[in-house]
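Working notes, beginning with the structure itself.
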Amino acid sequence: MLSVQDLSIRFRTPDGYVHAVNDVSFDIAAGQKLAIVGESGSGKSQIALSILGLLAKNAETRGRILFENQNLLDMPTSRINKVRSKEISIIFQDPMSSLNPYMTVERQLNEVLELHEGLRGRAARARVLEALDAVQIPDAKNRLKSYPHEFSGGMRQRIVIAMALLCRPKLILADEPTTALDVTVQAQIMRLLDDIQKEYGSSIMLITHDLGVVAGFCEETLVLYGGRVMERAETRAIFNAPSHPYTRGLLRAVPNIHAQDARLQSIPGQPPNQLHPPEGCPFADRCSDSRDPCFNNLPPLDAGRHQRACLRPVEELS
Ligand SMILES: Nc1ncnc2c1ncn2[C@@H]1O[C@H](COP(=O)(O)OP(=O)(O)OP(=O)(O)O)[C@@H](O)[C@H]1O
Ligand SMILES: [Mg+2]
């Protein structure tokens, strides 16, 4: 359904170009859940924004983003506005930034329906209630006239998810949907997304910096570093047989209640400067397995089901 092909995004700045996303390719099939994982600044959000034509003005893109065989990257704004919400919707990290504090929940949800489906009155109300029900807002009927601040953080994120569901989109981009919430609410929201995906059959692209959130949720995981794909495989394989030093580092930083030695390890060093991306592997200078060639040669991404971009053989990794 969605095919991102050799996507590169760079931003023009007074200091030069910031190379935020570099030659990223992936597909999402109908009903599939894909996770995009990476540290802060690795380019995750820009990928999502580019899909919806929401990149900042100083952005330049290359490559193609095919959604049902149409390239979203060269679609005129008027057409892309039709795709937004109706076909593809996005859930942001901070619910307050998606909700207008001065409008009742009902009005905000109605606005989406009116704009995209021309629905008003009774028909709109029924759809709004259905969406609020789907995200388990208790007593939704009597909460329609409430303002966002009258809900808890978890409830607000449910409302944002309801908004994303209103037009029954084929693809939901969830950009760190649970980062602003506490752990128990996080689990509820992830379960909710899972239920919704099953019921509506939507595809989900889940963006997160937290590998723990991905386990058991997405079939496939793509690991991003410095705007490049480092590894991409079935989530199970990413956890059981990570083959890239960066993925291994990320996994060592995830708490595991079964681990004997409960100490978490961080990856020393800083992410690459995207203004002057390194010539070789972007992870080389933080990688304990790197060798000279890693600094001068960009590792290609293998083909196949379990893909990795690393010059070192898996057997030789520490
Ligand atoms: N308008 C812009 N001009 C210049 N650089 C930008 C602009 N927008 C984003 N960037 C840069 O693009 C890079 C990727 O940003 P992005 O928002 O995709 O990161 P992210 O992986 O979503 O991080 P986080 O986990 O913090 O949300 C960052 O280095 C960021 O500073
Ligand atoms: Mg982000």
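Counting starts at 1 for both ligands and their atoms, in listed order.
A donor-acceptor pair under 3.5 Å links the side-chain atoms of S8 to the main chain of D23, judged by distance alone. E150 contributes a side-chain N or O that, together with a main-chain N or O of Y147, makes up a donor-acceptor pair within less than 3.5 Å. A distance-only check finds no donor-acceptor pair linking the side chain of S266 to the backbone of P268 [under 3.5 Å].
Residue S42 touches ligand 1 through backbone and side chain together, judged by heavy-atom distances below 4.0 Å. Within the 4.0 Å heavy-atom criterion, the part of E176 lying near ligand 1 is the side chain and not the backbone. The side chain of N58, and not its backbone, has at least one atom closer than 4.0 Å to an atom of ligand 1 (non-hydrogen atoms only; side chain from C-beta on). When non-hydrogen atoms are compared, ligand 1 lies under 4.0 Å from neither the backbone nor the side chain of V21.
A donor atom on one side chain and an acceptor atom on the other are found under 3.5 Å apart for E231 and S243. Looking at S318 and D289, their side chains do bring a donor and an acceptor atom within 3.5 Å of each other. Between the side chains of R107 and N110, no donor-acceptor pair is found at a separation under 3.5 Å.
The tally of protein N/O/S atoms under 2.8 Å from the Mg ion (ligand 2) stands at 1.
In this structure, K33 does not pair ionically with E220, as no charged nitrogen and carboxylate oxygen lie closer than 4.0 Å. A salt bridge between E199 and R168 is absent, with no side-chain N of the basic residue lying under 4.0 Å from a carboxylate O of the acidic one. Note on E106 versus R125: salt bridge recorded, some NZ/NE/NH1/NH2 to OD/OE distance being below 4.0 Å.
A heavy-atom separation below 4.0 Å is found between E39 and ligand 1. In this structure, G38 falls outside the shell of residues with a heavy atom less than 4.0 angstrom from ligand 1.
The nearest protein heavy atom to atom 9 (C) of ligand 1 is closer than 4.0 Å. Distance remark: protein heavy atom not present below 4.0 angstrom from atom 31 (O) of ligand 1.
The side-chain tip of R10 points at the ring of Y17 from less than 6.0 angstrom away and within 45° of straight on. Note that R232 lies outside the cation-pi zone of F26, set by a 6.0 Å cut-off to the ring centre and a 45° limit from the axis.
Heavy-atom neighbours of D182 CG from other residues, nucleotides or ligands within 6.0 Å: above the threshold of 12. The 12-atom threshold is not exceeded at CD of E279, counting heavy atoms of other residues, nucleotides or ligands nearer than 6.0 Å.
With Q46, K44, K57, R10 as candidates, the residue nearest to atom 17 (O) of ligand 1 on a non-hydrogen basis is Q46. Taking only non-hydrogen atoms, the option from S40, G226, A59, S45 nearest to atom 24 (P) of ligand 1 is S40. With atom 11 (C) of ligand 1 as the reference point, the heavy atom nearest to it among V18, I9, D210 is part of V18.
Inclusion of G41 in the set of residues having an N or O under 3.5 Å from an N or O of ligand 1 is warranted. Distances between N or O atoms of A20 and those of ligand 1 include no value under 3.5 Å.
Summary of contacts: the protein heavy atom closest to atom 2 (C) of ligand 1 is F11 CD2, 3.4 Å.
Of all the atoms in ligand 1, the ones that sit under 4.0 Å from a non-hydrogen atom of A56 are 1 (N). Near T13, with a cut-off below 4.0 Å to any heavy atom, the atoms of ligand 1 are 4 (C).
Pairs engaging residues 201-242 under the ring pair (Phe, Tyr, Trp, His ring centres under 6.0 Å) rule: Y225-Y246, Y225-F283 [sequence neighbours left out].
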